[in-house]
Amino acid sequence: MATGQEFPDDFEPATLEHPARNVPKPVMPEEAKQETEAGAQAFLDYRADAQWYLMQTGDASLVREVTSKSCEACERQFTQTADVYSSGHWAAGGLETYQIIPDSLSMSENGIYTVPVGVNNRGAKIIENKEVAIEQEPIKSTDDLDASLAFEGGSWVYITASPRGSL
């Protein structure tokens, strides 16, 4: 996992035959509660793990807790993934990581941090009736996205990600 959390010995990734089993629930590291660049990175690592947990289980509760409700694209993704599971299907893969460009954390006048990030997505598959119905290709990019984050009440909140320079 992006946070370095260990996978239990009985974890089984999803296959065409079954969804993932014994999926570890991500735990937010203490460092992710600090208003620093390292804290923002630890937070993004946790959020990536929470999003991966959604992909493995259909449970969006963890990633929703740390994502602003104003992120309409996020909400659509969370709902669509949960709907896959509620209809008896599942997902495989979906691990995504973000790497903050060093020394780039900056807060705007409105209190929102803009963070240029590199993204590594290993791809994902939606499995329906034991067949791959949808496949997302892996993505690796070092210069395409800016993430918007807020630090409120002692914790980070993910607002959105947009093409570099558009925020």
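All residue numbers refer to positions in the sequence shown, counting from 1.
- Distance alone, capped at 3.5 Å, is enough to place a donor-acceptor pair between the Y85 side chain and the M55 backbone.
- N121 places none of its side-chain heavy atoms less than 4.5 Å from the side chain of P138.
- Checked by atom type and distance alone, the side chain of E37 pairs as donor or acceptor with a backbone atom of D103 at under 3.5 Å.
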*asked:* For a side-chain contact (heavy atoms from CB on, under 4.5 Å) check, start with the C-alpha distance between S70 and I159, then their side-chain angles and the critical distance, and finish with the verdict.
replied: CA-CA 7 Å; S70 69; I159 299 171; 4.1 Å; yes

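- Here the straight-line distance linking atom OH of Y46 with atom OG of S155 works out to 11.0 Å at 0.5 Å rounding.
- Follow the hydrophobic side-chain contacts under 4.5 Å out from V157 and you never reach L105; the two are in separate clusters.
- Of the possible donor and acceptor atoms, one in the side chain of Q56 sits under 3.5 Å from a partner among the backbone N and O of G93.
- Between S61 and D59, the shortest heavy-atom contact is OG-OD1, 2.7 Å.
- Of the N and O atoms on the side chains of R76 and Q80, not one donor lies less than 3.5 Å from an acceptor on the other residue.
- The CG atom of L149 sits 8.5 Å away from the CD1 atom of I112 when rounded to the nearest 0.5 Å.
- No donor-acceptor pair closer than 3.5 Å links the side chain of Q99 to the backbone N or O of V117.
- Of the possible donor and acceptor atoms, one in the side chain of S87 sits under 3.5 Å from a partner among the backbone N and O of V84.
- Using a 4.5 Å cut-off between side-chain heavy atoms of Ile, Leu, Val, Met, Phe, Trp and Tyr, with links allowed through other members, V23 and W90 fall into different hydrophobic clusters.
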*Please assess Y158 against C74 for the test side-chain contact (heavy atoms from CB on, under 4.5 Å), listing each intermediate value before the final yes or no.*
CA-CA 10 Å; Y158 179 90; C74 300; 3.8 Å; yes

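- Residues M28 and V115 fall within the same hydrophobic cluster, defined by Ile, Leu, Val, Met, Phe, Trp and Tyr side chains chained together at heavy-atom separations under 4.5 Å.
- Once rounded to the nearest 0.5 Å, the distance linking CG of N129 with NE2 of H89 reads 5.5 Å.
- Taking the side chain as every heavy atom from C-beta outward, M1 and E6 never approach each other to under 4.5 Å.
- With rounding to the nearest 0.5 Å, the separation of CZ in R64 from CG in L54 is 8.0 Å.
- Ring orientation note: the planes of F7 and W52 are nearly perpendicular, at an angle over 60° on the 30°/60° scale.
- With rounding to the nearest 0.5 Å, the separation of OH in Y113 from CZ in F43 is 13.0 Å.
- Counted by atom type alone, T3 and D49 present one or more donor-acceptor pairs between their side chains at under 3.5 Å.
- Counted within 6.0 Å of CZ on R122, heavy atoms from surrounding residues, nucleotides or ligands total 12 or fewer; the atom is thus considered open.
- Qualifying side-chain hydrogen bond (donor to acceptor under 3.5 Å, both in side chains) partners for N110, counting only residues two or more places apart in sequence or in other chains: S108.
- Relative orientation of the F151 and W156 rings is perpendicular, given thresholds of 30° and 60° on the angle between their planes.
- Checking side-chain atoms of Q41 against main-chain N and O of I100 turns up a donor-acceptor pair under 3.5 Å.
- Minimum heavy-atom separation, C71 to T160: SG-OG1, 4.1 Å.
- Taking the charged nitrogens against the carboxylate oxygens, K130 and E17 do have a contact shorter than 4.0 Å, which makes a salt bridge.
- Residues E96 and Y98 have side chains that bring a donor and an acceptor to within less than 3.5 angstrom of each other.
- F11 and L16 are members of different hydrophobic clusters when ILVMFWY side chains are connected at heavy-atom separations under 4.5 Å.
- L95 and V132 fall into different hydrophobic clusters, where Ile, Leu, Val, Met, Phe, Trp and Tyr side chains are chained together by heavy-atom contacts under 4.5 Å.
- Q136 places no side-chain N or O within 3.5 Å of a backbone atom of K125 that could act as its donor or acceptor partner.
- Note that CZ of R47 and OG1 of T97 are 13.0 Å apart. Values are rounded to the nearest 0.5 Å.
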